[in-house]
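Here is the structure we will look at.
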Amino acid sequence: MSGRNSFMIVANRLPVDRTVEPDGTASWRRSPGGLVTAIAPVMQRRHGAWLGWHGAADERLEPFDQDGMSLVPVPLSAREVELYYEGFSNATLWPLYHDVVATPVFERDMWDAYTTVNQRFAEAAAEVAEEGAVVWVQDYQLQLVPAMLRKLRPDLRIGFFLHIPFPPVELFWRLPWRKELVEGLLGADLVGFQLPGGAANFRRLCRRLLGLPYKGNEIFLDDRIVTTQAFPISVDFGELDTMVRQEHIMTRAKEIRAELGDPEHVLLGVDRLDYTKGIGLRLEAFGELLKEGRLQPNEAVFVQIATPSRERVDEYRRLRDDIELQVGRINGEHAMLGLQPIQYFHQSYGREELAALYLASDVMVVTPLRDGMNLVAKEYVACHHDLRGALVLSEFAGAADELRQSYLVNPYDVEDVKRQMMTAMRATPHELARRMRTMRRRVATYDVDRWAGEFLNALETPALPSSTPHNASWRSD
Ligand code: ADQ
């Protein structure tokens, strides 16, 4: 059966959050974030639908409209949230794809739940897609959907985008269900990655695991071609740039500095509380700078904002305890009356407050051990029209490919992190402006609109017939 939507997003979550008023009435609010902002206009133009879980377990909801988007809730049971979402997605795939910085869990019942839920998403999408519709599947939670959907609806044009890194063959190889996952992704016409390296890892894997030939960006199946390509995601530069130029945001930025005691240097970290983000190592580096006397406690304040995340997964609970212990230890050693060198907040902030924080800080410290892109780094750049501010950025964040004028660090080398933090703090305004100007040009040009536009353009432009398997290489890498 064909539905009425010619364009669809299929993602683990719907782009809305439910808010409940004090009188008990519930309403939906669009979740903040670049993806929704970039996609919303396309959705409105094309009678788009967004399929995803609405965030509450064991609850079935009818499709509803919000902000000109048609939303189709896909239900999950509490057990599925545990096994498919917290389990296979976040305890198996997440650590495996992030260079095993934590040990992945391989459990069969988690895999079974992942398969069941992916099938449910595919069936829901098949149900509401118009003949020949374009369907864009998002991220690691739904890697089986492309093939499942193609089986049900071969008429659709299917794209997939992976927001996290795609690991090297040697790491992926450990996965007991490696063949099924790769075949799932190959159901798409276009598989998008953050970086060319991820796309190359995927092509090599297809060759090694399934013996499929590839040439350039194209993988040759018996009856079709799958294009693999990098599309580095970005932020809504225009929105952030406009926001931080408003009087009340600039005033708020000044207030923040005053509330912090007007220190010479404000350093900032903003992350989901996740073990891939390298929060502990940057605090360690800051603590050592204080200990060695290279920084005085009244000279610099480190503001670390850590958004609560995946709190029911063991690894995340342990991480929270570790970070809180570490903050307590460093502050205990270096605090002076009324002065805490690390200000730690385990909270979520609104967009405007976050923008004011970016504007207020002198050095943004982004030190993930591995990160698909890292939007925080790009948001920081978008917020510094004043050309002040330095970005210390891990070489292992996707964003490092584009933001070459940041102070790049190897997060595994604490001395390097310390050195670059100090260099950033001591840089002249002229040097900071030179770096920031170039980075801003990059983020302004490659913004999130361009990301979505380029992906959809590639998805809707089928691979040229001149590319045939006959001239494809059989590389044995
Ligand atoms: P994340 O791992 O969530 O995303 P990131 O790209 O940094 O990481 O995005 C986080 C977003 O959450 C940013 O927009 C940030 O502003 C916001 N945020 C963080 N802390 C916040 C707080 N305390 N309050 C409010 N907002 C907060 C995954 C991948 C990334 C990839 C993105 C997009 O892991 O590598 O860049 O998807 O593809």
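For reference, positions follow the sequence shown, starting with 1.
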Would you call [X] and [Y] a side-chain contact if the rule is heavy atoms closer than 4.5 Å?
X      : Y      : answer
Pro411 : Phe396 : yes
Leu283 : Ile279 : yes
Val270 : Tyr358 : yes
Ser406 : Arg435 : no
Trp50  : Val10  : no

> Which pairs, with at least one residue in residues 35-44 and sequence neighbours excluded, count as a salt bridge (charged side-chain N to carboxylate O under 4.0 Å, His left out)?
Replying inline: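 Residue pairs passing salt bridge (charged side-chain N to carboxylate O under 4.0 Å, His left out), neighbours aside: none found.
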
>> Testing Tyr84, Tyr85, Tyr140 one by one against Asn12 for a side chain to side chain donor-acceptor pair (under 3.5 Å), which residue passes?
In response: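 Going through the options one by one, the only one that passes is Tyr84.
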
Check this for me, if you would: do [X] and [Y] make a salt bridge, where the nitrogen-to-carboxylate-oxygen distance has to be below 4.0 angstrom?
X      : Y      : result
Glu183 : Lys179 : yes
Lys215 : Glu218 : no
Glu379 : Arg351 : yes

Once you round to the nearest 0.5 Å, how far does [atom1] of [X] lie from [atom2] of [Y]?
X      : Y      : atom1 : atom2 : value
Ser309 : Asp271 : OG    : CG    : 10.5 Å
Glu454 : Phe231 : CD    : CZ    : 7.5 Å
Arg440 : Thr445 : CZ    : OG1   : 11.0 Å
Glu86  : Asp314 : CD    : CG    : 10.0 Å

> Listed by chain and number, what are the salt bridge (charged side-chain N to carboxylate O under 4.0 Å, His left out) partners of Glu59, not counting sequence neighbours?
Replying inline: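 Partners of Glu59 under the salt bridge (charged side-chain N to carboxylate O under 4.0 Å, His left out) test: Arg18.
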
Checking [X] against [Y]: charged group under 6.0 Å from the ring centre and within 45 degrees of the axis?
X      : Y      : answer
Arg442 : Tyr446 : yes
Arg310 : Trp94  : yes
Arg120 : Trp53  : no

> Could you walk me through whether Asp274 and Lys277 pass the salt bridge (charged side-chain N to carboxylate O under 4.0 Å, His left out) check?
Replying inline: CA-CA 6 Å; Asp274 193 294; Lys277 301 289 182 184; over 6 Å; no

> Quick one: does Ser394's side chain have a donor or acceptor within less than 3.5 Å of a partner on Pro368's backbone?
Replying inline: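 The answer is yes, because a donor-acceptor pair under 3.5 Å joins these two groups.
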
>> Treating Thr307 as the side-chain partner and Ser348 as the backbone partner, does any N or O pair qualify as donor plus acceptor under 3.5 Å?
In response: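 No, Thr307 side chain to Ser348 backbone: no donor-acceptor pair under 3.5 Å.
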
>> Could you go through Thr228 and Arg203, starting from their C-alpha distance and side-chain angles, then the distance that decides it, and tell me whether this counts as side chain to side chain donor-acceptor pair (under 3.5 Å)?
In response: CA-CA 8 Å; Thr228 54; Arg203 289 191 294 267; 2.8 Å; yes

Any chance the rings of [X] and [Y] have centres within less than 6.0 Å?
X      : Y      : result
Tyr344 : Phe302 : no
Trp451 : Phe161 : yes
Trp177 : Phe88  : yes

>> Would Glu402 and Lys378 count as a side chain to side chain contact (heavy atoms under 4.5 Å, CB included) here? Give the steps.
In response: CA-CA 10 Å; Glu402 294 170 82; Lys378 292 187 173 180; 2.7 Å; yes

> Are Arg370 and Thr276 close enough that a side-chain donor and a side-chain acceptor fall under 3.5 Å?
Replying inline: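 No donor-acceptor contact under 3.5 Å links the two side chains.
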
> Just checking, any donor-acceptor pair under 3.5 angstrom between side chains of Gln326 and Glu284?
Replying inline: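 Short answer, yes.
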
> How far apart are the C-alpha atoms of Val74 and Arg60, what are their side-chain angles, what is the distance that settles it, and do they pass the side chain to side chain contact (heavy atoms under 4.5 Å, CB included) test?
Replying inline: CA-CA 8 Å; Val74 179; Arg60 278 177 187 280; over 6 Å; no

>> Assess the residue pair Val16 and His54 against the criterion (side chain to side chain contact (heavy atoms under 4.5 Å, CB included)); give the C-alpha distance rounded to whole Å, side-chain angles, the decisive distance to 0.1 Å, and a yes or no.
In response: CA-CA 7 Å; Val16 287; His54 55 282; 6.0 Å; no

> Pick one: which of Arg317, Arg318, Arg320 meets salt bridge (Lys or Arg N to Asp or Glu O under 4.0 Å) with Glu311?
Replying inline: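 Considering Arg317, Arg318, Arg320, a salt bridge (Lys or Arg N to Asp or Glu O under 4.0 Å) with Glu311 is found only for Arg320.
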
> Any idea which heavy atoms bring Ala390 and Ala424 closest together, and the distance?
Replying inline: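 Residues Ala390 and Ala424, closest heavy atoms: CB-CB, 3.8 Å.
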
> Parallel under 30°, tilted from 30 to 60°, perpendicular over 60°: which one fits the rings of Trp136 and Phe455?
Replying inline: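 If you compare the ring of Trp136 with that of Phe455, the planes turn out parallel.
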
Could you pull out every donor-acceptor pair under 3.5 Å between side chains of residues 185-195 and any protein atom, sequence neighbours left out?
residue : atom : partner : partner atom : Å
Asp189  : OD1  : Arg150  : NH2          : 3.0
Asp189  : OD1  : Arg157  : NH1          : 3.4
Asp189  : OD2  : Arg150  : NH2          : 3.0
Asp189  : OD2  : Ile158  : N            : 2.8
Gln194  : OE1  : Ile233  : N            : 3.1
Gln194  : NE2  : His163  : O            : 2.9

> Do Arg29 and Asp17 pass the salt bridge (charged side-chain N to carboxylate O under 4.0 Å, His left out) test, and can you show the C-alpha distance, the side-chain angles, and the key distance before you say yes or no?
Replying inline: CA-CA 5 Å; Arg29 244 205 337 240; Asp17 297 312; over 6 Å; no

> Can you check side chain to side chain contact (heavy atoms under 4.5 Å, CB included) on Met148 and Thr115, steps first, answer last?
Replying inline: CA-CA 10 Å; Met148 290 169 164; Thr115 312; 4.0 Å; yes

